[in-house]
Amino acid sequence: MTAADGRPAPPVPVVLAGARGHGRWHLDNLRRLTGAGLVRLAGVCELRPLDSAELDGCGDPAQSDDFAALLDTTGARVAVVCTPIDTHTDLALTAARRGVHLLLEKPPAPSEADFRRIAAAVRDAGTACQIGFQSLGSHALPAIAALVADGALGEVTGVGAAGAWARDEAYYRRSPWAGRRRMGGADVVDGVLTNPLAHAVATALALAGSTHADDVAGIELELARANDIESDDTSCVRVTTRGGIPVTAAVTLCAEQPGEPYVMVHGSRGRITFWYKQDRVLLQRAGHGPVETEYGRTDLLENLVRHVTRGEELLVPPERTGAFMRVVEAVRTAPDPRPLPPDRWYRDEAGARRIVKGVDSLVHASADTLSLFSELEATDS
């Protein structure tokens, strides 16, 4: 990175809040960007300090469980927040008050009201906020948009997402907030639609061109759970957009045969399937053979740093996740998820996880037909 006068620019000091769990991914990414000279890990905010092995390649950052103090003493220009969902709002507001730019993990907030508070705070502070939907940094998204604009699919008739993942029961014991809707009177909303497979929802909305809150005209939800938790682990949603394009997401953490999640764009003359974790796109259309393409991806922290230092356009500002937050709010205010009866699920051979019978086919059928689970089950009965 170079300054305006051509000399190498100093690396941007960054504080990471939450360096374990998913935070390890951010630590690895910071290690990569440190090696590239773009950033310097100035501080780590954790309840238990990291040891030298965990910090290998990251220098010798200050460590504290006091996020505000770390921002004050390290001179951080950017903060990465990867902490429990119910802490996002307070930490984001703390960063904004200090003029620190922010990469905020998804979901950005547990409620639409908190999301608006964060958006207002960063706007008033004049700081940048990037929401951590890494899939929205994929170069496949503009490529798919160009195909659609060129009429490759004809008229777009809908977008469907499918996610069939597996998580064992220990997954819900990894932290006090895992699988919770509320904790200590505060919203958490750690359900499959809003956290583990939130990318499926956000990416589907992006491919429908409906990312802002005002793009949402209606939401239909079906929340269920096989595990002994508060939140949902097997659910679907259908968003009716202002443009009239239905967007569905059918997701589970109780798959029989776990696979890569994907989003499917349906058109009158073909369809596009996007495996968003792999940045892989399959174009199928009438009169042509299938075409598969792999794309690159822009890292969101790197994009944020270049936005701060060079004015590069921010890829995932808060307003681009407004429609997703409408879904979060719908989940938050919905009745508690329906517990699936014992005859609908079984345990794997090791007894470690619960598997919902036939859920894989339901998830894929939903993406294929833009249907809710109840509509598919009614058809089968």
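Just so you know, these numbers come straight off a predicted model, no measurement behind them.
- In summary, the aromatic rings of F324 and H212 are positioned with their centroids too far apart to meet the 6.0 Å limit.
- For the residue pair S235 / E222, no side-chain donor-acceptor distance below 3.5 Å is found, with atom types taken as modelled.
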Run the side chain to side chain contact (heavy atoms under 4.5 Å, CB included) check on L221 and I219 step by step: do they pass?
CA-CA 6 Å; L221 272 177; I219 296 175; 4.2 Å; yes

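- Looking at E375, its side chain does come within 3.5 Å of a backbone N or O of L372 through a donor-acceptor pair.
- The closest side-chain heavy-atom distance from V39 to P13 is not below 4.5 Å.
- With D51 contributing its side chain and A53 its backbone, the two residues share a donor-acceptor pair below 3.5 Å.
- Cluster annotation: V237 and L370 are assigned to distinct hydrophobic clusters (Ile/Leu/Val/Met/Phe/Trp/Tyr, side-chain heavy-atom contacts under 4.5 Å, transitive).
- Linking Ile, Leu, Val, Met, Phe, Trp and Tyr whenever their side-chain heavy atoms come within less than 4.5 Å puts L38 and V78 in one cluster.
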Begin from the C-alpha positions of E260 and K277 and carry the test salt bridge (Lys or Arg N to Asp or Glu O under 4.0 Å) through to its verdict.
CA-CA 7 Å; E260 286 291 335; K277 286 179 66 66; 5.7 Å; no

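- At a threshold of 4.5 Å between non-hydrogen side-chain atoms, the residues V328 and S111 do not count as touching.
- Side chain of Q130 to main chain of L102: no donor-acceptor pair is present (N/O by atom type, distance under 3.5 Å, no hydrogens or angles).
- Connection of V189 to L193 is established within a shared hydrophobic cluster, with ILVMFWY side chains joined at heavy-atom distances below 4.5 Å, either directly or through further cluster members.
- Under the 30°/60° scheme for interplanar angles, the aromatic rings of H26 and H22 are found to stand perpendicular.
- Under the 4.0 Å criterion applied to side-chain N and carboxylate O atoms, R354 and E169 are assigned as salt-bridge partners.
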For E302 and L33, run side chain to side chain contact (heavy atoms under 4.5 Å, CB included): C-alpha distance rounded to whole Å, both residues' side-chain angles, the deciding distance at 0.1 Å, then the answer.
CA-CA 8 Å; E302 188 169 352; L33 295 177; 3.8 Å; yes

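- At a threshold of 4.5 Å between non-hydrogen side-chain atoms, the residues K106 and N195 count as touching.
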Tell me, with the steps shown, if Q134 and L300 meet side chain to side chain contact (heavy atoms under 4.5 Å, CB included).
CA-CA 6 Å; Q134 291 291 339; L300 295 186; 3.6 Å; yes

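- Cation-pi check for R174 over Y171 is met; the charged atom lies under 6.0 angstrom from the ring centroid and within 45 degrees of its normal.
- Residues I144 and L282 are members of separate hydrophobic clusters, defined by side-chain heavy-atom contacts under 4.5 angstrom among Ile, Leu, Val, Met, Phe, Trp and Tyr.
- In this structure, the side chains of H88 and V81 come closer than 4.5 Å at one or more pairs of heavy atoms.
- With D279 contributing its side chain and E294 its backbone, the two residues share no donor-acceptor pair below 3.5 Å.
- The ring pair (Phe, Tyr, Trp, His ring centres under 6.0 Å) search around F115 returns none, not counting sequence neighbours.
- Across all their heavy atoms, M325 and E112 have their closest contact at CE-N, 4.0 Å.
- A salt bridge is defined here as a Lys NZ or Arg NE, NH1 or NH2 lying under 4.0 Å from an Asp or Glu carboxylate O, and E329 with R332 meets this definition.
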Please report the C-alpha distance between D190 and R180 in whole Å, then the side-chain angles of each, then the deciding distance to 0.1 Å, and finally whether the salt bridge (Lys or Arg N to Asp or Glu O under 4.0 Å) criterion is met.
CA-CA 6 Å; D190 180 39; R180 300 290 297 272; over 6 Å; no

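- The aromatic rings of Y276 and H199 sit parallel to each other, their planes meeting at less than 30°, with 60° as the upper class boundary.
- In this structure, D368 and M264 have side chains that are in contact, with non-hydrogen atoms separated by less than 4.5 Å.
- The shortest distance between side-chain heavy atoms of L153 and L283 falls below 4.5 Å.
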Can you list the steps and then say if E54 with R20 is a salt bridge (Lys or Arg N to Asp or Glu O under 4.0 Å)?
CA-CA 9 Å; E54 291 174 299; R20 294 193 172 94; 3.1 Å; yes

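- No donor-acceptor pair closer than 3.5 Å links the side chain of Q284 to the backbone N or O of R271.
- For the atom pair CG of D114 and CD1 of I85, the computed distance is 12.0 Å after rounding to the nearest 0.5 Å.
- With D86 contributing its side chain and A186 its backbone, the two residues share no donor-acceptor pair below 3.5 Å.
- V148 and Y262 end up in different hydrophobic clusters when Ile, Leu, Val, Met, Phe, Trp and Tyr side chains are linked at under 4.5 Å.
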Take E256 and Y346, measure what side chain to side chain donor-acceptor pair (under 3.5 Å) needs, and give me the verdict at the end.
CA-CA 10 Å; E256 294 179 298; Y346 62 96; 3.3 Å; yes

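- Going from atom SG of C82 over to atom CG of L27 covers 10.5 Å, rounded to the nearest 0.5 Å.
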Does the salt bridge (Lys or Arg N to Asp or Glu O under 4.0 Å) test come out yes or no for E230 and R181, once each step is laid out?
CA-CA 6 Å; E230 288 182 355; R181 283 169 66 79; over 6 Å; no

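- From N29, atom CG reaches atom OG1 of T34 across 9.5 Å, with rounding to the nearest 0.5 Å.
- I245 approaches V159 most closely through the heavy-atom pair CG2-N, 4.3 Å.
- When side chains are defined from C-beta on, L223 counts as touching V331, because their heavy atoms get closer than 4.5 Å.
- Annotation: ring pair (Phe, Tyr, Trp, His ring centres under 6.0 Å) contacts of H266 (sequence neighbours excluded): none.
- Using a distance-only test at 3.5 Å, with no hydrogens or angles considered, a donor-acceptor pair links the side chain of T87 to the main chain of P84.
- Here the closest non-hydrogen pair linking L16 and G23 is CD2-O, 4.2 Å.
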Can T293 and V291 be said to form a side chain to side chain contact (heavy atoms under 4.5 Å, CB included), step by step?
CA-CA 7 Å; T293 309; V291 178; 4.0 Å; yes

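- Put simply, the side chain of R98 never gets that close to the backbone of V100: no donor and acceptor are under 3.5 Å apart.
- Residues T252 and V192 form no side-chain contact, since every pair of their non-hydrogen atoms from C-beta on lies 4.5 Å or further apart.
- The SG atom of C58 lies 12.5 Å from the CZ atom of R32; values are rounded to the nearest 0.5 Å.
- D66 CG to T94 OG1: the interatomic distance, rounded to the nearest 0.5 Å, is 9.0 Å.
- Among all heavy-atom pairs drawn from V44 and P61, the shortest one is CG2-CG, 4.0 Å.
- Taking OG1 from T241 and CG from D215, the interatomic distance works out to 7.5 Å, rounded to the nearest 0.5 Å.
- Considering every non-hydrogen atom in both F67 and L91, the closest pair reads CE2-O, 3.4 Å.
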Verify side chain to side chain donor-acceptor pair (under 3.5 Å) between S135 and T203, making sure each step is shown before the conclusion.
CA-CA 7 Å; S135 62; T203 306; 2.7 Å; yes

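- The minimum heavy-atom distance linking A250 with F373 is given by the pair CB-CE2, 3.7 Å.
- A donor-acceptor pair is defined here as one N or O able to donate and one able to accept, closer than 3.5 Å; no such pair exists between the side chain of D150 and the backbone of A152.
- Distance alone, capped at 3.5 Å, is enough to place a donor-acceptor pair between the D233 side chain and the N227 backbone.
- Look at E377 and R344 and you find a salt bridge, because one of the NZ, NE, NH1 or NH2 atoms lies within 4.0 Å of a carboxylate O, short of that distance.
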